[in-house]
Amino acid sequence: KCLDMRHMHMRLQLYIRSKAKLNIGTQCGVIDAITRYSPSFQIERYFPSPGYNFLESNHYVNKNNYLKKAGIIK
């Protein structure tokens with residue numbers, strides 16, 4: 001199950017995401033804002049990235065590294 005946050009206030013969304021055990025989503029600023037508090041896996045929209053900012057605490061997933069990030073291969 002997952003929580004549908006489309007109609008929630010942004011502050012409530014950030015609070016819920018900061019207390020989560022794991023965050024999964026597309027590459028956007030909302031997930032970047034809370035990566036200090038919980039682990040985040042972000043799907044890259046474009047690969048190779050055309051110059052976006054990357055955070056060391058995020059796990060960026062793309063078509064070349066998804067098996068490694070999922071723990072299927074080492």
Side-chain angles (χ1 to χ4, degrees):
K1 291 186 176 184
C2 64
L3 179 62
D4 184 10
M5 295 194 286
R6 287 182 284 183
H7 304 292
M8 286 185 190
H9 192 271
M10 182 58 70
R11 288 185 181 187
L12 183 59
Q13 288 183 31
L14 289 171
Y15 177 77
I16 292 170
R17 287 184 181 272
S18 70
K19 300 298 180 187
K21 292 181 181 179
L22 176 68
N23 285 294
I24 301 173
T26 57
Q27 189 173 5
C28 66
V30 175
I31 295 179
D32 288 340
I34 52 91
T35 57
R36 179 179 181 186
Y37 305 104
S38 64
S40 299
F41 286 83
Q42 294 188 28
I43 308 301
E44 287 186 275
R45 290 182 284 185
Y46 305 106
F47 184 79
S49 179
Y52 293 113
N53 295 327
F54 290 97
L55 301 174
E56 293 179 8
S57 58
N58 280 349
H59 302 277
Y60 295 99
V61 180
N62 56 48
K63 65 181 180 179
N64 295 334
N65 70 356
Y66 71 94
L67 293 175
K68 184 176 180 182
K69 293 289 182 178
I72 296 171
I73 61 172
K74 295 182 181 185

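As the structure is a prediction and not an experimental result, all values here were calculated from the model.
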Quick check: are there more than 12 heavy atoms from other residues, nucleotides or ligands sitting under 6.0 Å from OH of Tyr37?
-> no
Closest non-hydrogen atoms of Gln13 and Met8, given as atom of the first, atom of the second and distance, are NE2-O, 3.0 Å
Spatial distance of atom CZ (Arg11) from atom CD1 (Ile16) [nearest 0.5 Å] | 14.5 Å
Straight-line distance of Leu12 CG to His7 NE2, nearest 0.5 Å | 14.0 Å
Group every Ile, Leu, Val, Met, Phe, Trp and Tyr by side-chain heavy-atom contacts under 4.5 Å, then state whether Val61 and Leu22 land in the same group.
-> yes
Which heavy atom of Ser18 sits nearest a heavy atom of Ser38, and at what distance?
-> O-CB, 4.1 Å
